[in-house]
Structure formats: structure tokens, C-alpha cells
Enquirer: 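So that we are looking at the same thing, I have put the structure below in C-alpha cells.
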Amino acid sequence: MAIAATISLSVSPTTRHSAAAAFNPFRSSSSTTVSVSFSPALRITSLRSSIPFRNPSFRVSATSMSIQAPQQTSSTSFLDRRESGVLHFVKYHGLGNDFILVDNRGSTEPRISPEQAKKLCDRNFGIGADGVIFALPGTNDTDYTMRIFNSDGSEPEMCGNGVRCFARFIAELENLHGNHSFKVHTGAGLIVPEIQGDGKVRVDMGEPILKAADVPTGLPANKQEAVVKSELDVDGVTWNVTCVSMGNPHCVTFGGLLVDELNLAEIGPKFEHHVMFPARTNTEFVQVCSPSHLKMRVWERGAGATLACGTGACATVVAAVLEGRAGRKCTVDLPGGPLEIEWREENNHIYMTGPAEVVFYGSVAL
Ligand SMILES: N[C@H](CCC[C@H](N)C(=O)O)C(=O)O
């Protein structure tokens, strides 16, 4: 697979906007030629020069970058192109939970398969990401449909950090500025992200699902229909867990942890593949700092240890309230940064607010 030059812009904050604007192919009505000076071993003269990835040890180390303003060379913008066998994408991240975003508005089926997504997500032999997200046409009176493939190729129902990136991606595609909200059809039902004036995205994540069979979990309900602070034996160790679905399954445990000391790679898969979770599960390990401040690390179903999990942060606040450990409005600190979560009593909806940022624009031969 040959990947065209994809360049991560590490520009200083003062030049970030001008660099992004100058560099952003959406806005330029033409392809963008970027002259980038790298270490002597390599010089890329065009965004579109392909670099054979025969040698996976290939590395691009930018020593300095000068970005020229886009030159008028054609009438189509970067993502309008539809060369067969080439995928144009935008890499986004939400607190370091990163995704390849694909403009799929032209068809109702994803343009790439789960197997291709798995290869593209590989951080050594592909672009590198926690998942691939598709912007598809809306259905049932929604503006758009969002689908996502995890980095292992599995398809989850929903992604919280991903839907914030999705909203920013749509705004770029449609060249929208300022506040905008979208009705998005997902595997978790209707989700409504709203881009705010400061660029952050506030998302109505809908209602949590607590009925054990709908999470789904085989653990017996012990608080009305929900599983709250229930014992789970994991490899001979007993954990107390609360199970919540945000469209995708979550197993939340507080167990008096110092989360930074956990060996996620060792314990995470044992929860993910536990027999009590027939659809596997995401697992959140949580430390209570105060009734409005939680610290969480996550092992994600189909993606492993990620720097942040939006649905997981929502599930964590619901579990904290059900266990009497926190209030309905919390800051959830994740390794990648904080999310603001509110579980509103009046409508039972959960609201998540956080950032979503472009990392780079790229093209890949499929
Ligand atoms: N791996 C998750 C989907 C992505 C969730 C996470 N990245 C988020 O921000 O909500 C699952 O299989 O349910």
C-alpha cells in the first residue's frame, strides 16, 4: 500500500490558524502544493507524492516546514476527487482518540471494508488510528448517518469522541462556520452534536441503557433492571462493576484504584472478552477525586487502551451517580484530556462537551 505524503502539522499556536487555513485543501479550490524541507535524507515536494511503504521502518522527521499558499491548479478541492483506488481522508482526534474520517455522502455503504479499515488503522503499516468513521447520507429525517469501524475491524454502535470529530468534519465539508448542530443517525439512535463558538462540540448523547439484557451483560440485575456495583470474577480476582450502555456496552469499576498504576494491557482484554459480555465490552477504571471530578482510564472493545473514550466518560458518570459516588455534572479526566459530562434529570439525556481537531489531510492508495 503506497501512502501519499501525509504530513502532521506541528505548527506553533500563533501560526496554527494561518497554517491550517493555508494548508486546508477543503478551502482551497485547487490542489495544494506544499514544499516541505525535511532531513537531508528526504524531500517531499508535493502533498501528493507517493512514498512507497515497502520499508515499514520509513520515518518522516520534519525539521522545518514552510507552507506556501495554495496555488490555483484545478477547480476541484481535495476531497471532491474520486480517483478510483485512492481514498482521500482527514485525520481527526478527540483528546487523542484518533480517527480517519471519510466523506461517504455519495453512497449508503462504506467505501472501504472492515479489513481495509483494520489495515489503515495499523500504526506501523498504515495511517494509524483508533478507527475509521464514515459520513453517509441521513435516513429517517436525519441530516447524516455516522458509521464507524474500530481498529480491529469490528463495527460499534456509537463513538462519543468520534461524533465530535464527525461534526467538525461535516462543517469543513459543507464549509460552515460558527455554531451549527446536526441530526445524526447512528447505531445508538439519534445523536445531536452542536459545534460551539469556541470550536468545542457539545453532544446530546441520548439516554443511558441500564437494563442488563440490553447492555448486554449476563450479570444478574440487582438494582431494578440494572447491574450496579455487582461482583464480577476476573481471572480469580473479584471486581465490583456497574454496567451501562450508551448504545455500546460499558463495564465501569471504581474499586479504590490508583488508575495510573493499572496494567491495562494485562487486565483490559480479560474484561473485554469476559463470558458475562456476549458482545464484548469497553471497560472504564475510575478514581473518584471529588463528587464532580473523576479520573478514568479505558480499555476499549476493538481498539484497546485509548487516550479517551466519550461514551465511556458518559457511562462512568452514570455509574458514579448510581453508586452514589458523584453528582450528575462531572469533569472526567482522561489521559488525553478532560470531558464535561452532564446527566440531566429532567430528560434523562446525557450531554458531553469536548474538543475535536484536525491532525492532517491525506490520500491513500487502496
Ligand atoms: N471501541 C468502542 C467504540 C468507540 C468508543 C469510543 N472511542 C468513544 O469515544 O466513545 C466500542 O467498540 O464500543
Side-chain angles (χ1 to χ4, degrees), residues 1 25-26 76-92 94 97-121 126-127 129-176 180-195 201 203-206 209 214 245-249 279-280 300-303 310-311 356 358 361-366:
M1 167 197 307
F26 289 153
T76 58
S77 80
F78 178 71
L79 277 179
D80 292 343
R81 299 229 169 102
R82 290 283 181 274
E83 295 98 323
S84 66
V86 176
L87 178 75
H88 302 302
F89 63 88
V90 187
K91 185 78 188 299
Y92 275 82
N97 190 200
D98 59 341
F99 304 97
I100 297 162
L101 272 96
V102 175
D103 180 4
N104 216 110
R105 292 173 296 170
S107 65
T108 55
E109 283 304 313
R111 292 172 56 196
I112 63 167
S113 67
E115 294 69 34
Q116 286 175 312
K118 185 174 178 181
K119 287 177 183 168
L120 293 178
C121 289
I127 300 164
D130 291 328
V132 182
I133 291 178
F134 304 91
L136 300 132
T139 57
N140 313 327
D141 191 31
T142 60
D143 303 313
Y144 299 96
T145 296
M146 179 181 92
R147 287 180 63 178
I148 170 175
F149 292 153
N150 281 316
S151 55
D152 74 348
S154 61
E155 181 169 6
E157 302 80 355
M158 177 50 193
C159 178
N161 289 319
V163 79
R164 298 199 315 276
C165 295
F166 180 93
R168 295 294 305 268
F169 180 55
I170 291 297
E172 290 224 29
L173 287 174
E174 308 279 7
N175 207 14
L176 302 174
H180 280 278
S181 72
F182 307 104
K183 292 193 291 184
V184 183
H185 172 67
T186 73
L190 175 65
I191 299 290
V192 181
E194 178 192 359
I195 299 174
V201 185
V203 187
D204 176 352
M205 296 285 283
I209 298 163
D214 294 342
S245 168
M246 291 303 297
N248 56 348
R280 297 190 286 166
E300 284 197 34
R301 174 182 66 168
T311 52
V358 174
Y361 303 82
S363 305
V364 62
L366 292 174

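Being a predicted model, the structure only gives us computed values, none of them experimental.
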Enquirer: Does the side chain of Leu120 reach to within under 4.5 Å of the side chain of Leu87, using non-hydrogen atoms?
Expert: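 In short, these two side chains touch, coming nearer than 4.5 Å.
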Enquirer: So, using side chain to side chain donor-acceptor pair (under 3.5 Å) as the criterion, who are the partners of Ser107 when residues are at least two apart?
Expert: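 So Ser107 forms a side chain to side chain donor-acceptor pair (under 3.5 Å) with Asn104.
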Enquirer: Just to verify, what does Asp152 make a salt bridge (charged side-chain N to carboxylate O under 4.0 Å, His left out) with, not counting sequence neighbours?
Expert: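 Only Arg280 meet the salt bridge (charged side-chain N to carboxylate O under 4.0 Å, His left out) criterion with Asp152.
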Enquirer: Verify side chain to side chain contact (heavy atoms under 4.5 Å, CB included) between Val364 and Val86, making sure each step is shown before the conclusion.
Expert: CA-CA 6 Å; Val364 62; Val86 176; over 6 Å; no
Enquirer: Which atom names give the shortest non-hydrogen contact between Phe166 and Leu101, and what distance separates them?
Expert: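 That would be CA-CD2, 3.7 Å.
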Enquirer: Using side chain to side chain donor-acceptor pair (under 3.5 Å) as the criterion, list what pairs up with Glu194, not counting sequence neighbours.
Expert: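 Scan of Glu194 (side chain to side chain donor-acceptor pair (under 3.5 Å), adjacent residues dropped) gives none.
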Enquirer: Glu115: which residues meet the salt bridge (charged side-chain N to carboxylate O under 4.0 Å, His left out) condition with it, sequence neighbours left out?
Expert: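 In terms of salt bridge (charged side-chain N to carboxylate O under 4.0 Å, His left out), with neighbours along the sequence ignored, Glu115 is linked to no residue.
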Enquirer: Taking atom NZ of Lys91 and atom CG of Asp98, what is their separation to the nearest 0.5 Å?
Expert: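 Separation between the atoms: 3.5 Å.
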Enquirer: List for me each residue that meets salt bridge (charged side-chain N to carboxylate O under 4.0 Å, His left out) alongside Lys118, sequence neighbours excluded, and say none if there are none.
Expert: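 Lys118: no salt bridge (charged side-chain N to carboxylate O under 4.0 Å, His left out) contacts found.
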Enquirer: Nearest 0.5 Å, please: how far is CD1 in Ile170 from CG in Asn175?
Expert: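 Those atoms lie 13.0 Å apart.
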Enquirer: Who pairs with Phe134 by ring-ring contact (aromatic ring centres under 6.0 Å, His included), at least two apart in sequence or on another chain?
Expert: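 Applying ring-ring contact (aromatic ring centres under 6.0 Å, His included) to Phe134 gives Phe149.
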Enquirer: To the nearest 0.5 angstrom, please state how far the CZ atom of Phe169 sits from the CZ atom of Phe99.
Expert: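 Interatomic distance, Phe169 CZ to Phe99 CZ, rounded to 0.5 Å: 13.5 Å.
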Enquirer: Is there a side-chain contact between Ile133 and Arg147 (heavy atoms, below 4.5 Å)?
Expert: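 Ile133 does not reach Arg147 side chain to side chain.
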Enquirer: Step by step, would you call Leu136 with Met146 a side chain to side chain contact (heavy atoms under 4.5 Å, CB included)?
Expert: CA-CA 6 Å; Leu136 300 132; Met146 179 181 92; over 6 Å; no
Enquirer: Once rounded to the nearest 0.5 Å, what's the spacing between atom CD1 of Ile127 and atom CD1 of Ile100?
Expert: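 Answer rounded to 0.5 Å: 4.0 Å.
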Enquirer: Is the shortest heavy-atom distance from the side chain of Met246 to the side chain of Ile209 under 4.5 Å?
Expert: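 Answer no - side chains too far apart.
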Enquirer: Of all residues at least two apart in sequence or in a different chain, which pass the side chain to side chain donor-acceptor pair (under 3.5 Å) check with Asp130?
Expert: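 Per chain and number, Asp130 pairs via side chain to side chain donor-acceptor pair (under 3.5 Å) with Asn97, Arg123.
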Enquirer: Is there a side-chain contact between Leu190 and Val184, using heavy atoms and a 4.5 Å cut-off?
Expert: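 They are not in contact (no side-chain heavy atoms under 4.5 Å apart), so the answer is no.
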Enquirer: What residues, two or more places apart in sequence or in another chain, satisfy side-chain contact (heavy atoms from CB on, under 4.5 Å) together with Ser151?
Expert: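 Partners of Ser151 by the side-chain contact (heavy atoms from CB on, under 4.5 Å) criterion, ordered by chain and then number, come out as Cys121, Ala303.
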Enquirer: Mind listing the closest non-hydrogen atom pair of Cys159 and Gly162 along with its distance?
Expert: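 The pair with the smallest heavy-atom distance is SG-N, 3.2 Å.
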Enquirer: Measure across Ala279 and Pro249 and return the closest heavy-atom pair with its distance rounded to 0.1 Å.
Expert: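 Heavy atoms of Ala279 and Pro249 come nearest at O-CG, 4.4 Å.
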Enquirer: Show me the pairs that pass salt bridge (charged side-chain N to carboxylate O under 4.0 Å, His left out) and involve residues 157-166, at least two apart or across chains.
Expert: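 Of all non-adjacent pairs touching residues 157-166, those that pass salt bridge (charged side-chain N to carboxylate O under 4.0 Å, His left out) are Glu157-Arg301.
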Enquirer: Per the side-chain hydrogen bond (donor to acceptor under 3.5 Å, both in side chains) rule, what does the pair list look like for residues 131-143, sequence neighbours excluded?
Expert: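 Every pair satisfying side-chain hydrogen bond (donor to acceptor under 3.5 Å, both in side chains) with a residue in residues 131-143: Asp141-Lys183.
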Enquirer: Check whether any side-chain heavy atom of Ile112 lies under 4.5 Å from a side-chain heavy atom of Leu366, and answer yes or no.
Expert: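 Yes, at least one pair of side-chain atoms sits under 4.5 Å.
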Enquirer: Return the set of residues passing side-chain contact (heavy atoms from CB on, under 4.5 Å) with Ala167 (not counting sequence neighbours), or none when no residue passes.
Expert: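 Ala167: side-chain contact (heavy atoms from CB on, under 4.5 Å) contacts with Phe182, Pro193, Ile195, Val201.
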Enquirer: Begin with the C-alpha distance, continue with both residues' side-chain angles, and end with the deciding distance and a verdict on side chain to side chain contact (heavy atoms under 4.5 Å, CB included) for Met205 and Val192.
Expert: CA-CA 7 Å; Met205 296 285 283; Val192 181; over 6 Å; no
Enquirer: So which atom in Ser245 and which in Gly247 form the shortest heavy-atom distance, rounded to 0.1 Å?
Expert: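 It is OG-N, 2.9 Å.
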Enquirer: Taking side chain to side chain donor-acceptor pair (under 3.5 Å) as the definition, give me every residue that meets it alongside Glu174, ordered by chain and number, with sequence neighbours left out.
Expert: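 Expected list: Arg105, Tyr144.
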Enquirer: Is the shortest heavy-atom distance from the side chain of Ile148 to the side chain of Glu155 under 4.5 Å?
Expert: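 Ile148 vs Glu155: side chains apart.
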